[in-house]
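The structure appears below as structure tokens.
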Amino acid sequence: MDMPQVSCRSCGKRELITILSLGKTPLANALLTREQLGEKEPVFDLDLVFCPSCTLVQITETVPPETLFREYFYLSSFSETMLRHSEENVRELIESRKLNSESLVVEIASNDGYLLQYYKRTGIPVLGIEPARNIAHTAEERGIPTVCEFFDAELAKKFVAEGKRADVVHGNNVLAHVSDLNGVVNGVQLLLKDTGVAVVEVPYVKDMIDGNEFDTIYHEHLCYFSLTALDHLFRRHDLLIADVKRLDIHGGTLRIYATKQESSVRSAVVEKMLADEAAWVGNEEFYRGFGNDVERLRVELVDMLSRLKAEGKRIAVYGASAKGSTLMNYFGLGSSLLDFVVDRSTVKQGHYTPGTHLPIYSPDMLLTEKPDYVLLLTWNFADEILQQQDGYRKQGGRFIIPIPEVRVV
């Protein structure tokens, strides 16, 4: 089914093709207080479409960023995996770009300073840009200079007028969250020194589809990128993707290194990946197969949980994550099948999950309540969490990992 009324977020063309419709769902990070449980929750369409013109995969609904990001519950510092990943990235860039006390590193959507702290420790000047007031405040308290704004070309011009231009601009898992893609990439181009580099990480659409990772689809994630789609977007703003790396984090990530075009040469890795993508990136059937696979997964997981519940088993959930919200709401998993949720993040504890209204506790509840099974919804950090929950597992507790296919460990 075509959706001519919506235009592509990158190239503006209107001939978009529907891949998967996840129905109307609440906002994935809109955790509820006990007082809000009786109120009507706002829900929004969650439809995934594909642009045959520039190959960008995207959702059709744009929830105002003020609604999504001014108060935010996700703190990157609660994940050891994210911290390790960031520290390695910083170390590598300091060395390869010869950064020092005269340099400037800027991060867009800098969260609580989880990445910039590693530059700051070595005496390299940093600037965070973070629109969530509560998180920008946390970063400032940690000594990371942070501007509490949404990043765009206008903000970039303001920085340039103040004499601030960046040697490195980081954007980790932010490009997928912005409706004005062209405004942000234009802003990056303006902010970069002529010799600077933009280091941008996005979830890779090929990994999402190959791994059945439909739960990465939620209203904050407006776009799902291939290198081909990124190439179209960055070239439009005179930035060239000079290098690319495929990373395992978040279920499959692309990290691109973009520079101002005149000084750049593409790596062989970029050329090869673009050539490889040509085989599937414009293929409508490739995306339709993904929709069918998700439906099969839904039937399998709901059947398993229903069977366990009928046997009198208690089932908890690990991870009050956005991923988990998409999965629980689309699969219709609520209190009839699941007992409660645990999460390490202290800001989430004491709240309730959107749509499904399950209470969120500390992971200590697994040891005191001893549920028979735990549905692991932050499966992208499975190794880290299974290790942390060794005590629960030694007591006989078992984890159900739902993606890429249902398995019990």
Side-chain angles (χ1 to χ4, degrees), residues 7-13 16 19 48-59 89 93 107-109 151-153 156 166 168-192 196-211 213 216-217 220-261 263-283 286-287:
S7 58
C8 173
R9 297 175 186 280
S10 179
C11 72
K13 296 280 172 56
L16 304 179
I19 299 169
L48 190 71
V49 300
F50 156 67
C51 174
S53 180
C54 74
T55 77
L56 182 65
V57 174
Q58 56 206 286
I59 63 169
N89 189 8
L93 281 160
E107 185 178 16
I108 302 166
F151 181 78
D152 57 12
V168 179
V169 174
H170 280 280
N172 284 351
N173 295 301
V174 59
L175 215 49
H177 293 74
V178 296
S179 58
D180 182 15
L181 287 175
N182 291 293
V184 168
V185 177
N186 182 23
V188 169
Q189 200 272 352
L190 293 168
L191 187 56
L192 274 181
V197 64
V199 184
V200 176
E201 292 186 13
V202 296
Y204 188 28
V205 72
K206 179 80 161 65
D207 291 325
M208 176 179 96
I209 288 173
D210 288 349
E213 298 163 12
T216 56
I217 301 163
E220 289 168 25
H221 278 177
L222 303 174
C223 301
Y224 305 83
F225 293 97
S226 58
L227 186 61
T228 305
L230 288 166
D231 187 45
H232 285 301
L233 173 62
F234 277 71
R235 275 177 183 272
R236 202 175 295 129
H237 300 283
D238 297 324
L239 288 168
L240 189 79
I241 298 173
D243 204 2
V244 62
K245 290 181 181 176
R246 283 187 74 170
L247 308 167
D248 290 337
I249 197 161
H250 296 311
T253 289
L254 285 187
R255 179 192 288 158
I256 62 164
Y257 299 81
T259 55
K260 299 207 171 176
Q261 281 192 332
S263 61
S264 302
V265 181
R266 279 194 191 287
S267 74
V269 183
V270 173
E271 297 291 4
K272 182 173 185 326
M273 188 179 264
L274 288 172
D276 290 348
E277 284 188 354
W280 57 265
V281 76
N283 182 347
F286 174 73
Y287 301 107

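Small disclaimer: the values here were computed from a predicted structure and weren't measured.
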Asp152 meets the salt bridge (Lys or Arg N to Asp or Glu O under 4.0 Å) criterion, sequence neighbours left out, with none
Can you give me the closest heavy-atom contact between Cys51 and Gln58, atom names plus distance?
CB-NE2, 3.8 Å
Can you confirm whether Asp231 sits close enough to Leu274 that some side-chain heavy atom of one is under 4.5 Å from a side-chain heavy atom of the other?
yes
Evaluate the side-chain proximity of Leu56 to Cys223: yes if any heavy-atom separation is below 4.5 Å, no if none is.
yes
Validation row: Cys8, Ser53 side chains within 4.5 angstrom (heavy atoms)
no
Hits for salt bridge (Lys or Arg N to Asp or Glu O under 4.0 Å) against Lys13, two or more places apart or cross-chain, chain-then-number order -> none
Between Val57 and Val49, is any pair of side-chain heavy atoms under 4.5 Å apart?
no
Compare every heavy atom of Ala258 with every heavy atom of Leu239, then report the nearest pair and how far apart it is.
CB-CB, 4.5 Å
Apply side chain to side chain contact (heavy atoms under 4.5 Å, CB included) to the pair Ile241 and Leu230, showing each step before the final yes or no.
CA-CA 8 Å; Ile241 298 173; Leu230 288 166; 3.8 Å; yes
Measure across Pro52 and Leu16 and return the closest heavy-atom pair with its distance rounded to 0.1 Å.
CD-CA, 4.5 Å
Taking atom CG of Asp276 as the centre, report whether more than 12 heavy atoms of other residues, nucleotides or ligands fall under 6.0 Å from it.
yes
Residue pair Val281 / Ser226: nearest heavy atoms and the distance that separates them:
CG2-OG, 3.5 Å
Side chain to side chain donor-acceptor pair (under 3.5 Å) for Glu201 and Thr253? Distances and angles first, verdict last.
CA-CA 7 Å; Glu201 292 186 13; Thr253 289; 5.3 Å; no
If only atom types and distance count, is the side chain of Lys260 paired as donor or acceptor with the main-chain N or O of Val197 below 3.5 Å?
no
Partner set under side chain to side chain contact (heavy atoms under 4.5 Å, CB included) for Lys245, not counting sequence neighbours:
Glu92, Leu247, Arg255, Tyr257
Please say which of Trp280, Phe50, Phe225 ends up in a side chain to side chain contact (heavy atoms under 4.5 Å, CB included) with Val205.
Trp280
Side chain to side chain contact (heavy atoms under 4.5 Å, CB included) with Asp210: which residues, sequence neighbours excluded?
Lys206, Phe286
Kindly indicate, with the supporting measurements, whether the criterion side chain to side chain contact (heavy atoms under 4.5 Å, CB included) is fulfilled by Phe234 and Ile256.
CA-CA 11 Å; Phe234 277 71; Ile256 62 164; 3.8 Å; yes
Take Leu233 and Leu175 through the side chain to side chain contact (heavy atoms under 4.5 Å, CB included) test and state the conclusion after the steps.
CA-CA 11 Å; Leu233 173 62; Leu175 215 49; 4.3 Å; yes
Set of residues satisfying side chain to side chain contact (heavy atoms under 4.5 Å, CB included) with respect to Leu222, sequence neighbours excluded
Arg9, Ile59, Ser179
Got a salt bridge between Arg266 and Asp243, using NZ or NE/NH1/NH2 to carboxylate O under 4.0 Å?
no
Kindly compute the distance separating CD (Glu213) from OH (Tyr204), expressed to the nearest 0.5 Å.
12.5 Å
Going from CD on Glu277 to CG on Leu227, what distance comes out if it is rounded to the nearest 0.5 angstrom?
5.0 Å
Approximate separation, where rounding is to 0.5 Å, of Asp207 CG and Asp248 CG
8.5 Å
Report all side-chain donor-acceptor pairs from residues 181-190 shorter than 3.5 Å, counting only partners two or more places apart or in another chain.
{"residue": "Asn182", "atom": "OD1", "partner": "Arg236", "partner atom": "NH1", "Å": "2.9"}
{"residue": "Asn182", "atom": "OD1", "partner": "His237", "partner atom": "NE2", "Å": "2.9"}
{"residue": "Asn182", "atom": "ND2", "partner": "Ser10", "partner atom": "O", "Å": "3.0"}

Rounded distance (nearest 0.5 Å) linking atom NE2 of His170 with atom CD of Glu107
6.5 Å
Yes or no on side chain to side chain contact (heavy atoms under 4.5 Å, CB included) for Ile217 and Tyr224, after CA distance, side-chain angles and deciding distance?
CA-CA 9 Å; Ile217 301 163; Tyr224 305 83; 3.6 Å; yes
